[in-house]
Each structure stands twice: as C-alpha cells, then as structure tokens.
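Proteins get letters first, then strands, A, B, ... in listed order; numbering begins at 1 in each.
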2 protein chains.
Amino acid sequence: MTARRPTIDDVARLSGVARTTVSRVLNDGPNVRDEVRARVMEAVKALDYKVNPQARSLAGGGSRLLGLVFASDLESEPNSFYHSALELGALRGCLELGYQLVTRHIPLQSADREQQVYDLIATQRCEGLIFTPPYSDDAALIAEVLRRRCRVVSISPGGAGRDLADGVGMDDEAGGYDIARRLIELGHRRFAFMGGIQGHLSADRRLDGLMRALSEAGLGASDLIQVRGDFTFRSGVELTPRLLDDPLHPTALVCANDDMAAGALSVVHGRGVKVPQDLSVTGFDDTPVSAIVWPPLTTVHQPLKDMGRRAVALLASRLTGGRAEAEPEFDCLDHAVVERGTAASAP
Amino acid sequence: MTARRPTIDDVARLSGVARTTVSRVLNDGPNVRDEVRARVMEAVKALDYKVNPQARSLAGGGSRLLGLVFASDLESEPNSFYHSALELGALRGCLELGYQLVTRHIPLQSADREQQVYDLIATQRCEGLIFTPPYSDDAALIAEVLRRRCRVVSISPGGAGRDLADGVGMDDEAGGYDIARRLIELGHRRFAFMGGIQGHLSADRRLDGLMRALSEAGLGASDLIQVRGDFTFRSGVELTPRLLDDPLHPTALVCANDDMAAGALSVVHGRGVKVPQDLSVTGFDDTPVSAIVWPPLTTVHQPLKDMGRRAVALLASRLTGGRAEAEPEFDCLDHAVVERGTAASAP
DNA sequence: GCCTTTGTTGGAAGCGCTTCCAATTTGCGA
DNA sequence: TCGCAAATTGGAAGCGCTTCCAACAAAGGC
C-alpha cells in the first residue's frame, strides 16, 4: 500500500546507471550513448516514472517564473472567456511542469507598455513570456525580450512572431476558409466581415481564408463589406448597423470572434431581422458565449485551453529541455466548425 | 543585482535563532516563546521573506495533491464560466502555495459517484477535496471523506456542509434579498423566481432572501411564482414560457444564475416582450454572460475566482498550518448588485 | 607509440524547506 | 533545595532533483 512514487534513483538502479545519467536523458542532454539512453527510457516506462517538478525546480535554480501577457485592459474586460481559457490552460501546464505564472494585462495604449514588459523580466525575473495578439507579432518587442535572454512563445502569431519565437495556435486561414465555405454551400453570395483590431494578424488571416473561399466560388471583393472591431461585445453592437445598412445587403455576417457576433446578434434582434432565416451570423473561438446567445452561435472551435498549456510546454522545453537553441517551431492545433443555430440557407 | 530571494536561513540569521525555529513559527507550530515568535516575524517582514512552496512541498512529504469536484457533466457543459472561474482561482492558489490540483466532473446521476470521489483519495492520493454544490452539502459524503483522513472545503455550502467542514462562499440570502429589494424599490410587486436543482442549498437561500424582502414589503407567497431549473441556459429557455403564461403576470423575473437568465432573455425577446420596459430580469454570479446578452444583465456579483483561491488556502491551512483540528470555519466573501440594463421600473 | 581532445559516465554538493531527535532551559511539587 | 517533567531550542538528515567537476575511455594527431 506504500504507493510511493518512483524516484530518479529507482530509475537509475533499474537501468544500471548513475542518477546523473538518468537526469541527462530526461533533459535531452548531450553525451549519452544511444544504447544507454534507450535503456534508461525503458526503465522510465517500466516504472511509470514521472519527474517531480517541485524537486526539479528546487534544484534547477532560476526563478521558474513565466509571464502571460494580454493586450486588453482588465478594467474594460475583467471577465473575458478568451483570457480565462488561455490562463487556465497555462496554469495547468505550469502546475504539471513546476513553473509559476504571473498574468499581466498591458493595454496597447499604455505609454510605457514596452517598459512594463521589460519589468516582467528585470523585476519579476520571468524566464519566459507568453505573448497574446497583437503582442505576439510585435517583432521589435519580441527581439528585445529575446535579447534580454528571456524566452518567448507567441499565441496565434500571424507573421513576424513565427520567425522569431515558438508559437501556438490554429490555422486561422483555414478556419476562415472553412466557415466561409460552409456559408457558400448554404447559398450565400453577399458577405460582411467584422474583423479585429489593427495588428491582430491572426484575425486578418481569418479574413484571408474567407477571401480564398469567395474567390473559389467566383466571388470577389465587391461581394464583401468589412469593418474592424476590437473583439468586444460592445464593438459588435456598434458596428453592426453599418453592415446592415450597406447597399450590398449581405446575407451572411462572419465575425472574427464570438463576443462581436453576440453583439451583432443583439442588434439584429432589435431590428426585427430574423436569424438565421434573414441573416446568417457566425462567430469564432467557440467560447461559452456561443451557447448562451440566441440562437446558439455557429462558430469555429479554437482549443484555447490546450493552447495555453502548450505554450507553457514549449517554454519549458526551451528552458530545460533540449530545445534551447532550436529553430522556432509553430504548434498548430486542430480547429473545427461547430454548427449551431445561426447559419442557414441564404434567403 | 543579485536579487536572490531571502531564504529561511537568512531569516534565522537575522533573528538569531535556528532554522528549525523559524520553520516552527512559519507553520504556527507549538513551543515557541511569544518573544521569539515576534522577533522572527519581524525579520520575515524586514526581509520581505516568502516561503518557497516548491521546497516546502519537497521536504514536507505527502502528495500535495488537491481535488476539485464538480457535479456537472462535462459533456453537456464543457465550457461553463462558473467552472472555469472556480478552477482558475483554485489553480492560482495552488501555484502560490505549492499544491497540485486535479479537477473532476462527477455527474450526480453516476451510479458510482461516491466511489469516484473515494478514488480521488485512494488512487490519486488527494490530501484535500474541494466540493462544489450540491456535493458541498452532502453530509454523508463529506463525513466519509473526512473519515478517510482527507480534508474538505465546501464551496457555497448552505447547511450541513458548514458544520462538517470549512467553507467559502458569499451570503446568498443577502444576495437574494439585495436584488429583490432593488426590484421592489423599482415598483415591482409580482415576482417570478427561477431556482436551481434540488439540493443546491445556496440557490435556495437566494430564494429565502427574496422572500424576506417580499414580506418586508408586505408581499407574500401569492405574489410569487417559482420553478426549478438546472442552471443551464437550456433550462432557462424551457421554463420561461411557464412563467410568462402564469396568471400572476410577474413583472420581475429573478434567476438563480446568469445562464438561466440569458435563456429567459432569449425567449422573452422571441415573444416580443420588451426588457426592461415590460419585464425586468435579473441574474446571479456576474459571469461574462451578463455582459454579452442583450440588454446586459443586472445581476449579483459573486467573486468566483477568489472563492477558488480561498478554498485552496483553507485546505492548505488545515494541512500544514496550525488549523489542523480547528472548528470548521466559513469564509464569507463580499457580493454586490451590479446594475446593468435588465432591471427598470415596473410597467 | 605517446599525448592531447573529445565523448561518456559517476560522485557529490546543494537547492530551501520540514522533521526527528537530542540538548538545554524552565517550572514546579515535595 | 533538589529532581523530574514539560517547554523550548538547535543540529542534522534528507525530500528528488540538477549540475559542477573529476574520472575514465575512445579517438585522433604528431
């Protein structure tokens, strides 16, 4: 009944090597013969050994502190699910791997935003930072953080972010394409797109996908009207009238996230327009919002919690694993169109 | 620039005692003279010393594993904000205090639900469990868990939970009272209440508060119609017609959580009833849902993230702090009515 | 064939803390 | 006043891991 977990010494004993060697294998260190490495891994499997993150971090030195940076203003969006889901995932990852996490909301409009990021490194001693859009594509910022010997992982990078640092995300272009494709199948020919803030490249890529689907269907720029919001419910509310009143009279409104779609929905209801009979509306992310609005929102599922967890794993592998100086890697997670009640045949 | 964090030895040196003694002070151990205790605490403050949870858990033995138990079915509610917020808070607490967390959804209808809980103790070796409603009031279950020498904290216990184990929550009765009071001030005299599942005592207490406000205003049971939902958006949708069609013709609908209120809202819109002009609707919890429905929901703010974190802190204080055998304690956090757009003067 | 590199392995210290146990001091009844 | 138990304090081991450094073996270079 003494279900004591096996320790690194148990593994060492079983595989007939020194503790040091096991540690090297576990951390992808150099200078271990393949034969020995295999033997150790075998013992690890046989014992179902898992490293004790507490012990590792104690011995490993360093702060073991990671930072999660959001661009949004916590005052105006205290409870967004996007943030919660990402943080939840990151927190789970930290717990598994023995890291600590500090979450920081640094509004884009703060004059000293770069400074606030650097403080995370200098004062808080973060060893790695997770940037969310649009920070995840701020090449200058990322380069400077890297220069200060702090690791970086970008969430949903669209461009520069991918070349400089590891990234996690989904194929946003494909997501945009898939949802548009579905709408086209339903007979829609006139579209509206509600995008995100300037610099949020992954949201722009959703639009790229939409455009690709359009052109494949023989449609072009004149069949689409677009506006930029800021991902909040409020901006969805504010921008929708402009779309509805446009001479194009779109029959499908594609939004770059669920909150804006929810905002659009509420305006549409107020005008007596029927969803989905008169107008189809789609979201993006598949947050709980999509199930709570009426009708429930057809959207694209993005695995936010997994993304948060993967981001931490990537940082960890840079920090202690063998990937210290490896080429930047992009971890692309699966997405899926979730059909609920807001997309139907074109009127 | 070597901003090494002070260690327990630094504190010991500064206060002129042995490391052992500092440890005793830090853990509220017995057998330390008050004078020494004070001296140590002074040094702690002077150095701004914080214990290193990793080291503590390494040395302390035990699994340092905590469990968070939800009654909901993860299949049907994969993304509820209530769950996320609680888990997020608990996770933050675990990270601060050096614990691990496993989250488990055990539907009430599972035949072997007790067994699943016990497995958390026997197989997973959890040292403490956090129960959410209605598990938090399941006296038999809590007693059995306690008997197996596993600590318990109840989230929002309404009755039995409070006597047996520590608890965290808000004053639900007062919350119900406050929101009803506001509605009465607005001139409402005929009420509907959408409650939660049987056994969810904290939701029942919200109703108690409502009743108290009613009777203070000279109103009684005949001025109220009530139904029970299951906290899901769907149940809000299903139950609202019954309320709307009731001969009482309520002018205010008080819901036991935000999701059900959102469901009610969507039905109400569909019928052409104007909110808040014709009908006031209120929620409970102040999750992001309340900001993305239309109109934004007037609700009662419940500090879910704080509750999760406090639950972990309470467990930790039982486990290593001095509260090992202390009387059960209830940690009551503040709530507040958040006025948004769904409550207005009675028609 | 001898010496230097390079590659591979093990020994041992130590991360910051808890805890067992021994040492010392104090309190108090006879 | 003495003796013994209780209260208080300190010493030291050790939790599971990383890492520095030394030891040794194999591989080239002259």
Expressed in angstrom and rounded to an integer, what is the separation of [X] atom [atom1] from [N] atom [atom2]?
X       : N      : atom1 : atom2 : value
A:Leu26 : D:dT19 : CG    : C1'   : 14 Å
A:Arg39 : C:dT8  : CZ    : C1'   : 13 Å
A:Arg56 : C:dG16 : CZ    : C1'   : 18 Å
A:Glu35 : D:dA26 : CD    : C1'   : 16 Å
B:Leu58 : C:dG16 : CG    : P     : 12 Å
B:Ile8  : D:dG11 : CD1   : C1'   : 14 Å
A:Gln54 : C:dT18 : CD    : P     : 13 Å
A:Asp9  : D:dG14 : CG    : C1'   : 12 Å

By the 4.0 Å heavy-atom rule, please label A:Thr20 as base, sugar-phosphate, or nothing.
base
Using a 4.0 Å heavy-atom cut-off, does A:Asn52 contact any base of the nucleic acid, only the sugar-phosphate backbone, or nothing at all?
sugar-phosphate
Counting only distance, no hydrogens or angles, is the base of D:dG10 paired donor-acceptor with the side chain of B:Arg24 under 3.5 Å?
yes
Would you say a side-chain N or O of [X] is under 4.0 Å from OP1 or OP2 of [N]?
X       : N      : value
B:Arg33 : D:dT8  : no
B:Asn31 : D:dT9  : no
B:Ser23 : C:dT18 : yes

Nearest non-hydrogen partners of [X] and [Y], listed with the distance:
X        : Y        : value
B:Gly93  : B:Val312 : C-CG1, 3.7 Å
A:Ala313 : A:Leu97  : CA-CD1, 3.8 Å
B:Met170 : B:Phe330 : O-CZ, 4.2 Å

With a 4.0 Å cut-off on N to O distance, would you call B:Glu42 and B:Arg39 a salt bridge?
no
Suppose we screen for side-chain contact (heavy atoms from CB on, under 4.5 Å). Which residues come up paired with B:Pro134, at least two apart in sequence or across chains?
B:Ala71, B:Leu108, B:Ile197
Could you please name the option among C:dT9, D:dG14, D:dT18 that lies closest to any side-chain atom of B:Ala59?
D:dG14
